[in-house]
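Comments concern the structure below.
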Amino acid sequence: MTKTSAARVYRGTPRNLRFLAQQLRRGELVAVPTETVYGLAANAFDAEACAKIFRAKGRPATDPLIVHIHDLAQLSELGVVNDAALKLADTFWPGPLTMVLPKKPVVADAITAGRPSVAIRMPQHRLLRQLLRLSGVPLAAPSANPFGYVSPTTARHVRDNLGTKIAYILDGGPAAIGLESTIVDLRNPRAPQLLRPGAITRDALEQVLGIPVAALKRSSDSHAKSGQLSPGRMKRHYSPKTSVVLHDSLADFPRRDEAYVCIRRPAGRLPKNVFWLDSRGNLRAAASRLFAMLRELDAMGFRRIHVERARGEGMAEAINDRLRRASAY
Ligand code: TXA
Ligand code: MG
């Protein structure tokens, strides 16, 4: 933590929630817990407040924000809704799913980076839902990390990174999921496209929609190339400062000044520089530990961090997507 930290961390008492809701309505920024990662929130109807988000994060103005809503009335207030979106909302909201839809004029260009579409999510975290209800406005919020760094999964992570830039942090405990929401582009409801894999898998989306969901394309990941697509797909993102090297499997650990992160605990006696995301290799548990692990190892001064890829589909796809970005140079 920095010496000049201005941020105060608030517990989710009714009084604190009323106070923070009032700050949001007044145009202040509040870092908020969600079930995925912590977000840096502002009143989505206040373009000036939203502009502060970009300054605090050092985020380029070309990278649009997700708008968090409390109820479906706010969905149709912000976006042009279609049947596919309603089906997914019905099944997965509140939850870790973000939908991209054509935007209504009320959504400021500052939020969408001038695009005609808006990304909308109804989060599940109990305290954030209360804050959304009390503030009475949708909240624009990207992840509460400095641009390009690993997303925060605790209030402490937010304070460590943004403590000098913001005044208010709501502590809702460690994020249950630990990876950012799944993003699906539903501008054309007959041709949905995955923009970012997450805890809601492509398979789960397809089962509800009854049509294929185009997979995330890996090759043209760059912002410049993917004009219409999600800039969050840019390759280098979520990166610790220490360089990350990926492996299909990790079985030996030759260098003592480098860290090795396995998905599950390897058998036998292990040197101190070997870590694991979940003792039994449960992928949901592993995902929830991943970002905190990268931050901890980043602070420990290892020369490099070796990480084992997750195997399988679904959650493995989301974990490997974040690993790929953390290791991209
Ligand atoms: O889980 C999450 O989604 C977290 C929590 C705080 O809700 N938020 C989050 O926000 O991860 P952020 O800003 O770090 O990532 C949002 C992504 C960015 O990649 C952005 O480019 C994309 O959403 N996005 C936002 N609006 C978009 C739009 N209109 N079209 C395509 N992509 C959009
Ligand atoms: Mg982010």
Side-chain angles (χ1 to χ4, degrees), residues 29-42 44 50 53-54 56-69 78-80 92-104 107-125 128-129 131-132 138-153 157-158 161-162 170 172 175-187 192-200 216 221-223 226-239 287 291 318 321-322 325-326:
L29 302 184
V30 178
V32 297
T34 91
E35 67 277 23
T36 57
V37 300
Y38 275 69
L40 183 57
C50 292
I53 293 176
F54 291 86
K57 278 187 60 115
R59 181 179 178 108
T62 50
D63 198 358
L65 308 176
I66 294 176
V67 183
H68 298 70
I69 58 172
L78 301 167
V80 180
F92 298 114
W93 279 359
L97 178 68
T98 298
M99 301 193 237
V100 173
L101 293 170
K103 83 173 188 80
K104 294 265 179 82
V107 182
D109 282 343
I111 290 177
T112 66
R115 287 151 189 259
S117 60
V118 60
I120 305 175
R121 169 159 111 84
M122 188 191 291
Q124 184 170 40
H125 195 288
L128 178 53
R129 279 192 61 73
L131 201 57
L132 280 162
L139 298 174
S143 50
N145 49 300
F147 183 72
Y149 195 62
V150 183
S151 291
T153 55
H157 294 162
V158 179
N161 289 160
L162 299 179
L170 174 59
I177 291 170
L179 298 182
E180 302 85 349
S181 61
T182 304
I183 305 183
V184 61
D185 182 351
L186 282 176
R187 287 173 303 164
Q193 199 188 349
L194 192 71
L195 299 183
R196 182 171 71 184
I200 309 279
L216 177 75
D221 257 352
S222 92
H223 189 181
S226 61
Q228 285 292 73
L229 297 172
S230 187
R233 293 177 58 197
M234 67 184 90
K235 245 178 150 189
R236 185 169 167 81
H237 211 130
Y238 316 110
S239 308
F291 287 161
D321 171 75
R322 302 316 187 274
R325 297 181 205 225

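Whatever order the structure lists ligands and atoms in, that order sets their numbers, starting from 1.
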| query | Does at least one non-hydrogen atom of Lys103 fall below 4.0 angstrom from an atom of ligand 1? | reply | no

| query | Is there any salt bridge (Lys or Arg N to Asp or Glu O under 4.0 Å) pair reaching into residues 116-125, and which pairs are they, with sequence neighbours excluded? | reply | Glu35-Arg121

| N/O/S of Ser143 less than 2.8 Å from the Mg ion (ligand 2)? | yes

| request: State whether the shortest distance between N or O atoms of Ser143 and N or O atoms of ligand 1 falls below 3.5 angstrom. | output: yes

| remark: By side-chain hydrogen bond (donor to acceptor under 3.5 Å, both in side chains), Thr98 pairs with (sequence neighbours left out) Ser181

| Which of the atoms of ligand 1 are close to Asp63, meaning less than 4.0 Å from one of its heavy atoms? | 18 (C), 20 (C), 21 (O)

| said: Need the ligand 1 atom indices (1-based, order shown) with element for anything under 4.0 Å from a heavy-atom of Ser181. | reply: 1 (O), 2 (C), 3 (O)

| query | Numbering the atoms of ligand 1 from 1, which are under 4.0 Å from a heavy atom of Thr36? | reply | 1 (O), 2 (C), 4 (C), 5 (C)

| field | Numbering as shown, the atoms of ligand 1 that approach His68 to under 4.0 Å (heavy-atom distance) | value | 5 (C), 6 (C), 7 (O)

| request: Show which atoms of ligand 1 fall inside a sub-4.0 Å distance from at least one heavy-atom site of Val37. | output: 4 (C), 6 (C)

| query | Atoms of ligand 1 less than 4.0 Å from Val100 heavy atoms? | reply | 30 (N), 31 (C)

| Subset of ligand 1 atoms that lie under 4.0 Å from at least one heavy atom of Ile66 | 3 (O), 8 (N), 9 (C), 10 (O), 16 (C), 23 (O)

| task | Taking only heavy atoms of Ser117 into account, list the atoms of ligand 1 that are under 4.0 Å away from them. | result | 28 (C), 29 (N), 30 (N)

| request: Could you tell me if any non-hydrogen atom of Thr112 lies under 4.0 Å from any atom of ligand 1? | output: no

